[in-house]
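Encoded as structure tokens, the structure appears first; notes follow it.
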Amino acid sequence: MDNIIKKMDTLFPSTLTVEDIEKEHKPRPENHTVTRIAPSPTGMMHIGSVYAALISERVAHMANGTFILRIEDTDSKRKVEGATDIIINGLKRYGITSDEGAISATEEVGDYGPYTQSDRYDIYLAYIKKLLQEDLAYPCFCTEDELNDIREQQTKQGLRTGYYGSWAKYKNAPQEVILEHLEKGTPFTVRFKSTGKNFNKRLFDDILKGKRNLPENDADVVILKASGLPTYHFAHIIDDHLMGTTHVIRGDEWLSSLPLHVQLFEAMGWTPPHYGHISPIEIMDDNKRRKLSKRKDPEASVTFYEEKGYPKEAVLEYLMNLANSGFEKFRTENPDESVWNFPFDLQKMGRSGALLDLAKLDSISRDYIGRLSAEELYNSLFEWSETMAPDLYTRMKNDKDYFLNIFKIERENVERVRKDFTNWSTIWHEIDYFFDDSFSPEDGYVAKITEQSPEVIKEFLSDFINHYNEKLSNEDWFSNMKTLAETHGFAPNGKTYKKDPDSYHGTVSDAAKILRVALTGRAQTPDLYSLMQVMGKERVIQRLNKSV
RNA sequence: GUCCCGUUCGUCUAGUGGUUUAGGACAUCGCCCUUUCACGGCGGCAACACGGGUUCAAAUCCCGUACGGGACGCCA
């Protein structure tokens, strides 16, 4: 073996030894909870990553522990330029703060780094060499084609696929064969030498799934790729040991490799962390449920929510809802508390996968926006529009007071705030009629929408214009309007109208509708009085004159 | 194909053997409030996947079946 290691030293030069690493390594304090999120920089931020990060962050911070952001970039093929920043900014955006790890593409904080796997190259190599020395690992010279052949044969015979048992060609290869390959320069991987037996079951206690019996791992998995970089399995063991991770929260697609990971920890002589496997967020596709896919589903990417303009707080609340069944009750009882004050409890996580429910997100989002003051609403929308709706941004910048007044309608000094804003991207469409340059109804629109005769409309509106006094209170204004409506042939109430429908053009509500439509072009709007106050007398008169 | 995980209203879920005519929220429908809409209030529809056991008693414990999801890579 020493020959092999010597040979490897020339291939992958590194003088760092396990002894060096362990001498430098500071153990964490006793009973200090450490969790981490370990995304791959593939260029997009998956909503599932935010979900997993949120849960891990909560587990650590609820226990006054440490939350780490580690960048898992050992797959050079999938690595994308600038992707680390996307991850960092994505988490920051949702208020998920890490205590250690990458803080930008080039900087990191913490005493347990480096926190980017490609910078940990010689650490992995040191441990690989140790395993080789101890005969717990061995080089494998199989080509891709050979491995495919093995898989094919196994499938044909109805066997488990994998590099195990008698299929493990180089497991006990003679030294000469290995050295010969090394001399020739045959590319090779390093595989872990498993002693597990597939027919042995072992009990694992998952934080979320509970006690599970899983078969021992008997496959000699690759731990070092031909590129010299470790596989996920190996990097996970080394990093989480050295970084002192106590709780690994990850997607349940990893559950099958749990026996392998525990086996690796034990082979290194280390205690494995606690594991919690969370179910993925799913989507309904053609009447079938499946995991949200970043390729097929735009909803999988956080950019979807940014573009639609869901407030980040609303997205976070929605995720918290999925993560913890008690959250809804907490929110009902504490409408104004921050989500970060919710007593998150891992035991209250659902075991099965949840379907992404945008209607529920809408509802949470409406509630959230409804709780904002006009000023807060203005600021949030302004910030969003800078990148997502530049025209709106310019408009808001130039006309701040007008926007604030619009947002104050039925928002300030009322018992119940209206909830007609679902997200930032829909707001402009709700309020565009307030602006003269985007108010261009077609000819005869009032008659068309109200189904009143042009004469009635003309007479009622002309009279209204003559008597309009913007100084009046809502009550006085309305009672004047009511009187005016009656003189123009509208019944004061439904009861009167129903008694003799032929004698009236409608009720006072129909008269109000004429005004509403003339001013806004719509049959449904917020409170008429407030709306006219915000528009101002000049604009009101001008619009009414136009439709007379 | 082999192995693993899961399954309570349409959706998210409460439920840990008797407190349950299975509770809440979102969605949906109806009514009320009301100058429209939204808000709010009240109410309706609506679920323990199926089959066997264990037990005086099962959504809850055990065993099968079905269905759904996942893993089986020099991806993570």
Side-chain angles (χ1 to χ4, degrees), chain A residues 38-42 72-75 77-78 117 140 142-144 147-148 151 154-163 187-191 198 206 209 212-215 219 221-233 235-236 250-259 277 279-280 282 284 288-291 318 321-322 324-329 331-332 348 350-364 366 370 410 414-421 430 478 481-482 485 490 493 507-513 515-517 520 522-529:
Chain A
S40 298
T42 57
E72 307 222 321
D73 61 346
T74 56
D75 185 7
K77 278 177 230 123
R78 298 204 307 172
Q117 287 184 336
C140 166
C142 281
T143 61
E144 225 173 285
L147 293 172
N148 287 339
R151 210 172 0 253
Q154 288 168 329
T155 310
K156 221 180 274 171
Q157 296 175 37
L159 298 170
R160 285 184 296 124
T161 53
Y163 199 88
F188 69 95
T189 62
V190 176
R191 287 182 183 271
N198 183 255
D206 188 275
K209 304 267 181 193
R212 292 297 112 138
N213 256 316
L214 303 176
V221 296
V222 172
I223 53 178
L224 190 77
K225 303 186 248 184
S227 63
L229 287 170
T231 57
Y232 169 83
H233 304 300
H236 155 51
R250 65 199 330 186
D252 68 1
E253 69 269 22
W254 291 110
L255 193 58
S256 322
S257 31
L258 181 57
H277 291 91
S279 299
E282 299 172 0
M284 196 62 97
K288 294 207 167 161
R289 278 170 167 257
R290 60 169 172 76
K291 193 171 146 182
Y318 176 66
N321 240 292
L322 292 184
N324 239 210
S325 52
F327 182 72
E328 206 155 56
K329 190 165 179 264
R331 177 50 77 219
T332 315
K348 287 187 178 155
R351 269 102 187 100
S352 51
L355 211 52
L356 180 76
D357 185 358
L358 290 180
K360 180 89 177 184
L361 174 60
D362 281 351
S363 163
I364 290 174
R366 271 195 299 270
E410 288 177 279
V414 287
E415 296 243 330
R416 305 280 176 202
V417 173
R418 51 186 309 116
K419 290 186 196 166
D420 40 10
F421 298 156
E430 296 285 338
F478 185 67
M481 203 274 291
K482 209 167 163 182
F490 291 89
N493 52 53
T507 66
V508 65
S509 130
D510 293 300
K513 191 175 182 184
L515 270 177
R516 172 170 286 113
V517 173
T520 67
R522 305 183 182 196
Q524 288 126 25
T525 71
D527 178 61
L528 243 188
Y529 172 80

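Note that the structure is predicted; figures quoted are calculated from it, not measured.
- In this structure, A:Arg522 places its CZ atom 18 Å from P of B:U36, rounding to the nearest Å.
- Among the heavy atoms of the strands lying under 4.0 Å from A:Thr525 is at least one base atom, whether or not backbone atoms are also near.
- As a whole-Å value, the separation of A:Lys288 NZ from B:G6 P is 21 Å.
- Regarding A:Arg290, its CZ atom lies at a distance of 18 Å from the C1' atom of B:G6, rounded to whole Å.
- Mapped onto RNA chain B by nearest heavy atom, A:Arg212 and A:Glu282 fall at different nucleotides, with A:Arg212 at the one closer to the 5' end.
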Contact pattern, 5' to 3', of nucleotides 71-76 of chain B - B, S or - by protein heavy atom under 4.0 Å: SBSBBB

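- B:U60 makes up no base pair with any nucleotide shown, lacking Watson-Crick or G-U wobble contacts both under 3.5 Å.
- What separates CD of A:Gln524 from P of B:A38 is a distance of 7 Å, to the nearest Å.
- Each of A:Lys209, A:Arg351, A:Lys291 was scored for a salt bridge (charged side-chain N to carboxylate O under 4.0 Å, His left out) with A:Asp252, with one residue passing: A:Lys209.
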Nucleic acid footprint by protein, nucleotides 7-14 of chain B - heavy-atom cut-off 4.0 Å, B for base, S for sugar-phosphate alone: S---SSSS

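- A search for side-chain contact (heavy atoms from CB on, under 4.5 Å) contacts involving A:Ala485 returns A:Phe460, A:Phe490, A:Val508, A:Ala511, not counting sequence neighbours.
- Across the P atoms, B:U60 and B:G41 are found 36 Å apart, a figure rounded to whole Å.
- Using C1' as the reference atom, B:A76 and B:A14 are 35 Å apart when rounded to the nearest Å.
- Nucleotide B:C72 forms a Watson-Crick or G-U wobble pair with B:G1, both donor-acceptor distances falling under 3.5 Å.
- Between the P atoms of B:G6 and B:U19, the separation comes to 27 Å (whole Å).
- Rounded to whole Å, the P atom of B:A47 lies 7 Å from the corresponding atom of B:G10.
- As a whole-Å value, the separation of A:Lys209 NZ from B:C5 P is 9 Å.
- Within 4.0 Å (heavy atoms only), A:Arg366 reaches sugar-phosphate atoms of the nucleic acid but no base atom.
- Listed nucleotides: B:G40, B:C37, B:C4. Nearest to the side chain of A:Pro215: B:C4.
- With a cut-off of 3.5 Å on both pairing distances, B:U54 has no Watson-Crick or G-U wobble partner at all.
- A:Thr161 pairs by the side-chain hydrogen bond (donor to acceptor under 3.5 Å, both in side chains) definition with nothing, not counting sequence neighbours.
- Regarding A:Asp252, its CG atom lies at a distance of 17 Å from the P atom of B:G68, rounded to whole Å.
- With both ends at atom P, the span from B:U7 to B:C12 equals 12 Å, rounded to whole Å.
- Taking atom P on both nucleotides, B:G17 is separated from B:A59 by 13 Å, rounded to a whole Å.
- Rounded to whole Å, the separation between the P atoms of B:G53 and B:G15 comes to 30 Å.
- For the C1' atoms, the distance from B:G18 to B:U2 is 43 Å, rounded to whole Å.
- Annotation: side-chain contact (heavy atoms from CB on, under 4.5 Å) contacts of A:Pro39 (sequence neighbours excluded): A:Ile37, A:Leu69, A:Ile87.
- When both distances must be under 3.5 Å, the Watson-Crick or G-U wobble mate of B:U20 does not exist.
- In plain terms, the two heavy atoms of A:Ala354 and A:Leu322 that are nearest each other are CB-CD2, 3.7 Å.
- The side-chain hydrogen bond (donor to acceptor under 3.5 Å, both in side chains) test applied to A:Lys513 returns no partner, not counting sequence neighbours.
- In this structure B:U7 sits in a base pair with B:A66, meeting the Watson-Crick or G-U test at under 3.5 Å.
- Applying the 6.0 Å contact sphere to CD of A:Gln157 captures more than 12 heavy atoms from other residues, nucleotides or ligands.
- In this view, A:Arg212 satisfies the side-chain hydrogen bond (donor to acceptor under 3.5 Å, both in side chains) rule with no residue, not counting sequence neighbours.
- Taking the side-chain contact (heavy atoms from CB on, under 4.5 Å) definition, one finds that A:Asn321 meets it with A:Phe327, A:Glu328, A:Lys360, A:Ile364, sequence neighbours left out.
- The partner of B:A14, taking Watson-Crick or G-U wobble pairs whose two distances both stay under 3.5 Å, does not exist in any strand shown.
- In this structure, CG in A:Leu229 is found 7.5 Å from CG in A:Leu224, a value given to the nearest 0.5 Å.
- In this structure, A:Lys513 reaches neither bases nor backbone, as no heavy-atom distance under 4.0 Å exists between it and the strands shown.
- Between A:Lys482 atom NZ and B:U34 atom P there is a gap of 11 Å when expressed in whole angstrom units.
- Rounded to an integer number of Å, the gap from CZ of A:Phe327 to P of B:C26 is 14 Å.
- The listed nucleotides are B:G40, B:C4, B:U36; the one nearest the side chain of A:Arg416 is B:G40.
- At a threshold of 4.0 angstrom between heavy atoms, the contacts of A:Asp510 with the nucleic acid are absent.
- The partner of B:G40, taking Watson-Crick or G-U wobble pairs whose two distances both stay under 3.5 Å, is B:C32.
- Residue A:Lys225 qualifies as enclosed at atom NZ: its count of foreign heavy atoms under 6.0 Å is above 12.
- Under the side-chain hydrogen bond (donor to acceptor under 3.5 Å, both in side chains) criterion, A:His277 pairs with A:Asp206, A:Arg250, not counting sequence neighbours.
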